[in-house]
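Notes follow once the structure below has been shown.
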There are 4 protein chains.
Amino acid sequence: MGGRRSPAQDRSRAMVDRLLQATTRVLAERGYAGLSTNRVAAAAGVSVGSLYRYFDDKDDLVRELRVRSTADILGDLTAAMSAAVALPTRDAIHQVLATLVAALQRHRPLTSALVNEVPLGAQSNVLPEVEQQLAQFTRMFVAVHAPHLAPAEAEARIYLALGVALSTCLRIALEPPAGVDEGRLVDLAADLLHAGLVLP
Amino acid sequence: MGGRRSPAQDRSRAMVDRLLQATTRVLAERGYAGLSTNRVAAAAGVSVGSLYRYFDDKDDLVRELRVRSTADILGDLTAAMSAAVALPTRDAIHQVLATLVAALQRHRPLTSALVNEVPLGAQSNVLPEVEQQLAQFTRMFVAVHAPHLAPAEAEARIYLALGVALSTCLRIALEPPAGVDEGRLVDLAADLLHAGLVLP
Amino acid sequence: MGGRRSPAQDRSRAMVDRLLQATTRVLAERGYAGLSTNRVAAAAGVSVGSLYRYFDDKDDLVRELRVRSTADILGDLTAAMSAAVALPTRDAIHQVLATLVAALQRHRPLTSALVNEVPLGAQSNVLPEVEQQLAQFTRMFVAVHAPHLAPAEAEARIYLALGVALSTCLRIALEPPAGVDEGRLVDLAADLLHAGLVLP
Amino acid sequence: MGGRRSPAQDRSRAMVDRLLQATTRVLAERGYAGLSTNRVAAAAGVSVGSLYRYFDDKDDLVRELRVRSTADILGDLTAAMSAAVALPTRDAIHQVLATLVAALQRHRPLTSALVNEVPLGAQSNVLPEVEQQLAQFTRMFVAVHAPHLAPAEAEARIYLALGVALSTCLRIALEPPAGVDEGRLVDLAADLLHAGLVLP
DNA sequence: TATGAATGAGTTTTCATTCAT
DNA sequence: AATGAATGAAAACTCATTCAT
């Protein structure tokens, strides 16, 4: 952690960053259909050949983009989850949701591009890593706050809650409805999940 | 109603059906990226030229596919909604959700392809017509069963409920978790939405 | 000549005419690039299959069109040439030129389409039959009015005169310049050819 | 003038030349109808993709071909016209005609293809730039050598002479008649134009 | 390492032509 | 005879990927 990097590694990292940023830009401006390796390289001010030195292929590029954006969001989420364990049930949920919405909003252009433009392939959830992390938290959370639930019942509730949490946060972050207060939406969502997860 | 069809119309309809079924098959097997007009024609056992006799272009093909499956799902949904108005609150919600899950499952291969493979462009909701229909129902439903809510509050709940209902049904229909009873999931979802929509 | 036609032959002739007229129309409206057998058939209100009953292929259609339009022009030309033999040299030439210009103008849409849109293939003169007819006349004409010319010299002048006559008439008929009197152009052309053909 | 070229520029120029030469070859062998980008690329021993690196599209390819050969012909023509101003009337005309014929012959395969194979669209003159250049010369020429003509009369003669000159030169260059001396034809044409342009 | 010209399989789409009805 | 649905070869063009420099 916090290790030194050789100049070569730095140059490498810089290149990768440039390319990923260029990918985001192209994705936002031209959509997935307009995303070509040549275009990305040009947008990054780099040759196509270089792109292929740092990424296996086009898929790898997009995959990496997803992973990176996810990582940043995950950071926030993890912190929020750590803080949340000390809070009362509903507040904990609210905290996590609010954090997730904020994180998604912070990455709005990229997230939007990924959600709206990139076909998902086999996996049908947009941000798999985020979902996994969320799942872990939810599981633990249920174990603590709703120990009365039978395992199967707990599983069902977790499964449902995950979907609700993720889709709701995405919706609030990316398509906020006109004339509805965002904070209120997060409040409501927290109430909903609270009810769904821990009520008898 | 019950109109006779000329042989030519039948042939025409048969061709269109064949091509749409082939499209679904190709979509399921090779994904949206692997969906080419030549491939669809081959899968339908028909020449490319014929495909272009019945569809303006590739977009038209996918559009029609969406329209058809949407229409079918909408049919079920509308019926369920009609029946639901007479039921008590929670049962009404349950009825609609169960119907939607069943309809989506019936169109599983296509819906799955649409959700997972087709980049959505600007609109981030799959099946916009279904969402609209659902919105109408929800609005009416709230007006009837939760008249105590202030307009803004009602709006917020409707917005949230819609996202939850749609994403949950899609999730249950397309990615049912191993070892969790599907019926129980719909039950839980109904409870959740009931709580979210009408509780004070 | 002037023979009776069976009903079948009439129907046949009517079909051919319809198709050729449709071809002219399509050629004028869509250009040669937009000339497709299907389009011609549609424009004629006839099935493609029928087109192929009356014409071997697309080329045959266009070829026939050329032949027909030529035939009409040839009729005029022959008459003019017959009358011209009795006239003094320059007047004879003038008569023929004026007749040709008038005939080309009468068929303006078709001629224009043929000249501007249809690639000529191997033969590089637009209206080969017209040229042949004209050549015959010119040859005879030179024999009568310029018997003093050596055979090789006569050949050279005829060759030149033909080109001049044809291209000039086409130009006057199809691209008349703004602000220049057409009659004057024909006059000048007649003078030119007169000088070129018979002067020592 | 005598500028050095980088290897890259040379390669680029070499590629463009190869492709244009291949285009000429295909045009000569298979006609305009048989001119496809794939065929041109194959004839050039190059991939289609490369063709599209150097030309925007098929039109661009043909356009460039026209531009190049036109430029070459124009070069000769301009030189001849410069030299011609010092000559007596008939000799000036002869010089220009002879030069044009020679230039057209030098580009025979291409010119032939353009004249015989490429449908001309709206403009019915092949080589519009050549015609323009010729027009400029003729106008000046008439102003100098036939100042006695009224403006309208001058216009008419210029219009006619242009058509005659161009069509005659094309004819001599592309379809020289068997057994007739080419030089004699140019002589005759010069006489003809001389008479037509400056005689009272 | 970086470059970017070159590749060519693959995509969408058209249209002359055929043939079962 | 007439129809027009069906065909499929071929056209224009794109783009992920490679490799010589």
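Lettering of chains follows the sequences in order, A, B, ..., and the numbering in each one begins at 1.
D/D17 has a carboxylate O that lies under 4.0 Å from a charged side-chain N of D/R68, or vice versa, which qualifies the two as a salt bridge.
In this structure, C/R25 places its CZ atom where more than 12 heavy-atom neighbours from other residues, nucleotides or ligands lie under 6.0 Å away.
Here the options are C/D57, C/L19, C/T23, C/V48, the test is side chain to side chain contact (heavy atoms under 4.5 Å, CB included), and the partner is C/T37; only C/V48 passes.
Comparing B/G34 and D/R53 by the nucleotide of DNA chain E whose heavy atom lies nearest to each, the residue mapping closer to the 5' end is D/R53. Where A/V48 and D/S36 meet DNA chain F, the nucleotide closest to each residue was compared, and D/S36 sits on the side nearer the 5' end. Remark on DNA chain F: of its neighbouring residues C/G49 and D/S50, the 5'-side contact belongs to C/G49, judged by nearest-heavy-atom nucleotide.
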(request) Could you summarise the pairing of DNA chain E as dot-bracket text, marking Watson-Crick and G-U pairs under 3.5 Å with ( ) or [ ] inside the strand and | across strands? (result) .||||||||||||||||||||

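D/D57 has its CG atom 13 Å from the C1' atom of F/dT14, to the nearest Å. Atom pair A/L19:CG and E/dT3:C1' shows a separation of 14 Å (rounding to whole Å applied). B/F55 places its CZ atom 15 Å from the C1' atom of F/dA5, with the value rounded to the nearest Å. At whole-Å resolution of the value, OH in C/Y54 and C1' in E/dT17 are 18 Å apart. For the pair A/D60 CG and F/dA16 P, the computed distance is 14 Å after rounding to whole Å. At whole-Å resolution of the value, CG in C/L35 and P in E/dA16 are 7 Å apart. Straight-line distance from the CZ atom of A/R18 to the P atom of E/dA2: 11 Å, rounded to whole Å. To the nearest angstrom, C1' of F/dC19 lies 16 Å from CG of A/L51.
Annotation: side chain of A/R30 is not in contact with side chain of A/L35 (no heavy-atom distance under 4.5 Å).
Distances were taken from every side-chain heavy atom of B/Y52 (C-beta onward) to each of F/dA2, E/dT12, F/dC13; the shortest belongs to E/dT12. The listed nucleotides are F/dT7, F/dT17, E/dA2; the one nearest the side chain of A/K58 is F/dT17.
Taking CD from A/E64 and OH from A/Y54, the interatomic distance works out to 13.5 Å, rounded to the nearest 0.5 Å.
Residues from residues 37-47 of chain A with heavy atoms under 4.0 angstrom of DNA chain F, sorted by number: A/T37, A/N38.
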